[in-house]
Amino acid sequence: MHCSMAVLGLSPPLHSWSCLAVSRNCPTNSRQLRSWDGFLGSTVPFLGLERFGASCNREGRKMQQILNTTTKDSTDKTSALPAPLSDQLSSSHLSQESDFQVVTIAKDTLGLRGQTSDRLKFEVEYGLKRGTTDNSYVIKGTSDIALIDVPDQVFQNKFEDSLERTVDLTAVTHIVIGHISPMRVQTLIAICKKLGRRSSPLQVHCSNPAAQLLLASLPESLKDDLIVKAVRTGDYLDIGGGHKLEFILTPTPRWPDGMCTYDRATQLLFTQKLFSAHVYTPNYFDMGGWDAYGEDWKFFYDCMLSPVPRQAQTALQRLPIVAQFSKPNYTGKTGIELVKADLRYIASTVASALRLPNNMTTGFENGFNSEGLLVTASLCPIHGPVVRYTVTELVREYQSWTKERLKQIQEVTIAVIYASAYGNTTALAQAISRGISKAGVGVQNLNMEQSTSEDVDLLLQQSSGFAIGSPTLGGHIPTPVQDALGAILKCSNARAKPCGVFGSFGWSGEAIDEIEKRLKDGGFYLAFPSIRCKFKPTESMLQVCEESGTDLAQAVRRMLVKQSKPFAQFTVASNVEQAVGRVIGSLCVLSAKDGDAESAMLASWVSQASFVPPGLTVAVAKERAVESLVLPGGRFVLNVLGKGKSAAICKQLLKQFKPGEFRFEGLQTKEAKDGGQILLDAISWMECTVKSRMETGDHWIVYATVDDGNVLDDKILTAIHYRKTGARY
């Protein structure tokens, strides 16, 4: 049967593999690999087999027999796989609070939002545990209807029902994909099946990487009904009524398929993952502004874009966003230019109020005004609220955060080099990167799926340390990681840099062991024990990764200090430091637990903060392991130590711990009802709930209310921590 599926502007697609097997026709000339946030089920692009691979040709039948055997074993075992293999929850796992919402965003534009208060994934970006939303949008033009993005398969059934009630499905002629993943592909397939046969094929507009995944994943039965168009920046789709949808490619290592879409008629910018937040509230828009969502936006940025500041900067440069009602810019203007600036502002404001398309206002061309700025009424991301009231502030903060990270990597940086098959190694890389960032050190992620050994060598020359991560595929290291490891071993000065190894695997894990062995044999110093994650990372595994990243950053700092100051130097505290050091505090132990992740720390910067409700503040250093467990909504136990009874506890908690190691070994404790450890040798304890946090230099000030507590010994006074300098604890 003739296949009418057209791919415009697209390089030859990668062949896909079933479970762990590659097609016999796998091309050997393609270097671009795929890594996506999930497990695709029966069809997943094979990571690096074209190179690890050319093995289909170089190693011949032997390699093919291994792959065929793996396929059979994988197929036989699929039904028995433990739940963590899946990167998503099935819809049956959603809480009763999950729902679907349809809201009018602007003229002719609807928002369809799947929402849940559950934490759908264990990836680090979901760490705030405030739920999430999955947003799609429908734009009704005079000639066509376009669907912008499709949700995760978790929301598939409710999305289909809501879409069917909202629009005439037969009138949907275009689907624009800003971000795709294997689980979103499944939703797209379901929608295409529901649309059924039609007189003209459905057109899908997306980036080249997204098109390759679609080609590898769509069943043959649908290929006559789709036209996949790989677009470039500047391409557009006109659906009538002034709705000219312009495409802007914004790829990053985590989202190589990233693409934003701008609607000239409504001045809406559909930003895929950019400006997203994993948070669920009843409000569809950013009601409450920065106070309500600021921490969620910042947390998402820190987890997802902080490790790739150069790519984040490039994306922001391609999106010169200004809010629709921003004041005109008078910089460098005189005379008539001042008047023109005012007229442009008035024209834009009036056009927006009357809902006129941009091309009806003077001075606008292709969605950008004459100053090259993208006038935006709302930012419409895939996750979180539609940003209508905080556009200027959020964009400004994105630019500020990116500038800060770029400054960090100029001072000192650590490279996190990895490749991923199911997205699990990527999740480990993100958590390690977050741990590095928490320690105040710059970090750069390098995804070997889009990089070469030359890129590795260049990054190593700029870095003071590195971590390398790999999945295990067929008992081997994938070729992209082999290339990276080869570049590391050849680098003349890499041996002097602290490093680490991490990776995920399904049944074996040989790749991690092999990388570790080759680095140790080469004389490299490993700053943390190698991280071996079976299937999908849990909360405790992500905690281990964060702590390992922090350990690596601290090792790099010590190395740099030693290089700059080869001999011990003693300095006298300044008058200010001595004065600050006279501020004293009670000696306490903070203990927190979240799922299977647990940590603790000594705390002396503790103070009561409110009478009603009873509340207190605790200062937590950003690089502390427990920091990620005391986010808003989190719970912890604060144990107050007694005078004369604190020595053994302090000795234990001041030890050097391995990442994820239990802190209370040898101490008498009991677990609080909501997690955390109560020290039986403390004189009192309090169970607290974190209400808010304030960033203060190198610490977070955590404000928490006290939910429960008790005095264990009323005869002993509180232990006080005395200092002579405010420059250290």
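Predicted model, so just to flag it, every value in this text is computed and none were measured. Numbers here simply count residues along the sequence, with the first being 1. Note: hydrogens, waters and symmetry copies are ignored here, and every other heavy atom, side chains too, is used.
- Listed here is the closest heavy atom pair of Val416 and Ala429: CG1-CB, 3.9 Å.
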- prompt: Should Lys536 and Glu123 be marked as a side-chain contact (heavy atoms from CB on, under 4.5 Å) after you check the CA-CA gap, both sets of side-chain angles, and the distance that decides it?
  reply: CA-CA 9 Å; Lys536 183 173 174 59; Glu123 276 82 348; 3.0 Å; yes
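- A salt bridge is absent between Glu577 and Arg582; no separation between the charged side-chain nitrogens and carboxylate oxygens falls under 4.0 Å.
- Under the 3.5 Å distance criterion, with hydrogens and angles disregarded, a donor-acceptor pair is assigned to the side chains of Asn445 and Ser433.
- More than 12 heavy atoms of other residues, nucleotides or ligands shown are found within 6.0 angstrom of CD on Gln608.
- Tested against Val606 for a side-chain contact (heavy atoms from CB on, under 4.5 Å), the candidates Val640, Thr617, Val702, Leu638 yield a single pass: Leu638.
- For Asp698, the salt bridge (charged side-chain N to carboxylate O under 4.0 Å, His left out) test picks out no residue, with sequence neighbours left out.
- Pairs engaging residues 405-429 under the salt bridge (Lys or Arg N to Asp or Glu O under 4.0 Å) rule: Asp302-Arg405 [sequence neighbours left out].
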Exercise for the section: List the steps, then state whether side chain to side chain donor-acceptor pair (under 3.5 Å) holds for Thr718 with Ser586. Expected result: CA-CA 6 Å; Thr718 301; Ser586 57; over 6 Å; no
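- For the residue pair Glu295 and Pro632, the shortest heavy atom distance occurs at OE1-CG, 3.1 Å.
- Residues Pro307 and Ser437 are not in side-chain contact: their nearest non-hydrogen atoms beyond the backbone lie 4.5 Å or more apart.
- A pairwise comparison of heavy atoms in Met448 and Ala419 identifies CB-CB, 4.2 Å as the closest pair.
- A donor-acceptor contact closer than 3.5 angstrom links the side chains of Gln677 and Thr669.
- Looking at Val501 and Ile531, their side chains never come closer than 4.5 Å, going by heavy atoms from C-beta outward.
- Sorted by first and then second residue, the salt bridge (Lys or Arg N to Asp or Glu O under 4.0 Å) pairs with a member in residues 429-440 read Arg434-Glu546, Arg434-Glu627, Lys438-Glu546, Lys438-Glu627; sequence neighbours excluded.
- A tilted orientation is assigned to the rings of His383 and Phe300, their planes being inclined by 30° to 60°.
- Salt-bridge formation is detected for the pair Glu695/Lys622: a Lys NZ or Arg NE/NH1/NH2 atom is positioned less than 4.0 Å from an Asp or Glu carboxylate oxygen.
- For the pair Arg310 and Ile409, the minimum side-chain heavy-atom distance is below 4.5 Å.
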Worksheet item: Step by step, would you call Gln554 with Glu623 a side chain to side chain donor-acceptor pair (under 3.5 Å)?
Response: CA-CA 9 Å; Gln554 292 172 342; Glu623 60 189 48; 3.0 Å; yes
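- Summarising the geometry, atom CG belonging to Asp714 is positioned 9.5 Å from atom CD1 belonging to Ile683; distances are rounded to the nearest 0.5 Å.
- Here the side chains of Trp255 and Leu305 are in contact, with some heavy-atom distance below 4.5 Å.
- Under the salt bridge (Lys or Arg N to Asp or Glu O under 4.0 Å) criterion, no residue pair touches residues 420-431, with sequence neighbours excluded.
- The pair Lys129-Asp594 counts as a salt bridge, with a side-chain nitrogen and a carboxylate oxygen less than 4.0 angstrom apart.
- Under the salt bridge (charged side-chain N to carboxylate O under 4.0 Å, His left out) criterion, Asp513 pairs with Arg532, sequence neighbours left out.
- Across every non-hydrogen atom of Ala487 and Leu460, the tightest pair is O-CD1, 4.3 Å.
- Residues Leu667 and Asp681 have side chains not in contact (no heavy-atom distance under 4.5 Å, counting atoms from C-beta outward).
- Remark: Ser306 OG to Gln444 CD distance equals 11.0 Å, nearest 0.5 Å.
- A donor and an acceptor atom, one from each side chain of Gln313 and Gln399, are nowhere located under 3.5 Å apart.
- In this pair, His278 and Tyr126 present their aromatic rings parallel. The plane angle is below 30°, not in the 30 to 60° band.
- For Phe657, there are no ring pair (Phe, Tyr, Trp, His ring centres under 6.0 Å) partners at least two apart in sequence or on another chain.
- For Asp713, there are no side-chain hydrogen bond (donor to acceptor under 3.5 Å, both in side chains) partners two or more places apart in sequence or in a different chain.
- Salt bridge present: Glu547 and Arg663 bring a charged side-chain N and a carboxylate O closer than 4.0 Å.
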Where do Arg119 and Glu539 land on the salt bridge (charged side-chain N to carboxylate O under 4.0 Å, His left out) test, with the steps shown first? CA-CA 12 Å; Arg119 176 181 181 175; Glu539 290 177 332; 3.0 Å; yes
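- Atoms OG and CG, on Ser508 and Leu473 in that order, are 9.0 Å from each other to the nearest 0.5 Å.
- To the nearest 0.5 angstrom, Leu590 atom CG is 10.0 Å from Leu602 atom CG.
- Applying the side chain to side chain contact (heavy atoms under 4.5 Å, CB included) test to Thr705 and every residue at least two apart in sequence or in another chain returns Pro613, Thr689, Lys691, Tyr703, Asp707.
- With no hydrogens or angles considered, a side-chain donor-acceptor pair links Ser540 and Asp596 at under 3.5 Å.
- Looking at residues two or more places apart in sequence or on another chain, you find a salt bridge (charged side-chain N to carboxylate O under 4.0 Å, His left out) between Lys673 and Asp708.
- A distance of 5.0 Å separates CG in Leu641 from CG in Leu587, rounded to the nearest 0.5 Å.
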#### Entry: From CA spacing to verdict: salt bridge (charged side-chain N to carboxylate O under 4.0 Å, His left out), Glu671, Lys593
CA-CA 10 Å; Glu671 188 166 318; Lys593 185 175 183 180; 3.4 Å; yes
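- Residues satisfying the ring pair (Phe, Tyr, Trp, His ring centres under 6.0 Å) test with Phe636, not counting sequence neighbours, are none.
- Remark: Ile512 CD1 to Ile468 CD1 distance equals 11.5 Å, nearest 0.5 Å.
- Contact between Val637 and Ala672 at its shortest, heavy atoms only, is CG2-CB, 3.6 Å.
- For Arg693 and Phe299, the positive end is not near the middle of the six-membered ring at less than 6.0 Å and at most 45° from its axis.
- The shortest distance between side-chain heavy atoms of His721 and Arg723 falls below 4.5 Å.
- Remark: the Ser548 side chain and the Asp551 side chain contain no N/O donor-acceptor pair separated by less than 3.5 Å.
- Side chains of Leu679 and Phe664 form a contact here, defined as non-hydrogen atoms less than 4.5 Å apart.
- Scanning for ring pair (Phe, Tyr, Trp, His ring centres under 6.0 Å) contacts around Tyr301 gives Tyr398, Trp401, with sequence neighbours left out.
- Note: Phe524 and Phe466 have perpendicular aromatic rings, judged against thresholds of 30 and 60 degrees for the angle between ring planes.
- Trp685 meets the ring pair (Phe, Tyr, Trp, His ring centres under 6.0 Å) test with no other residue; sequence neighbours excluded.
- You'll find the side chain of Ser463 stays beyond 4.5 Å of the side chain of Ile414, heavy atoms only.
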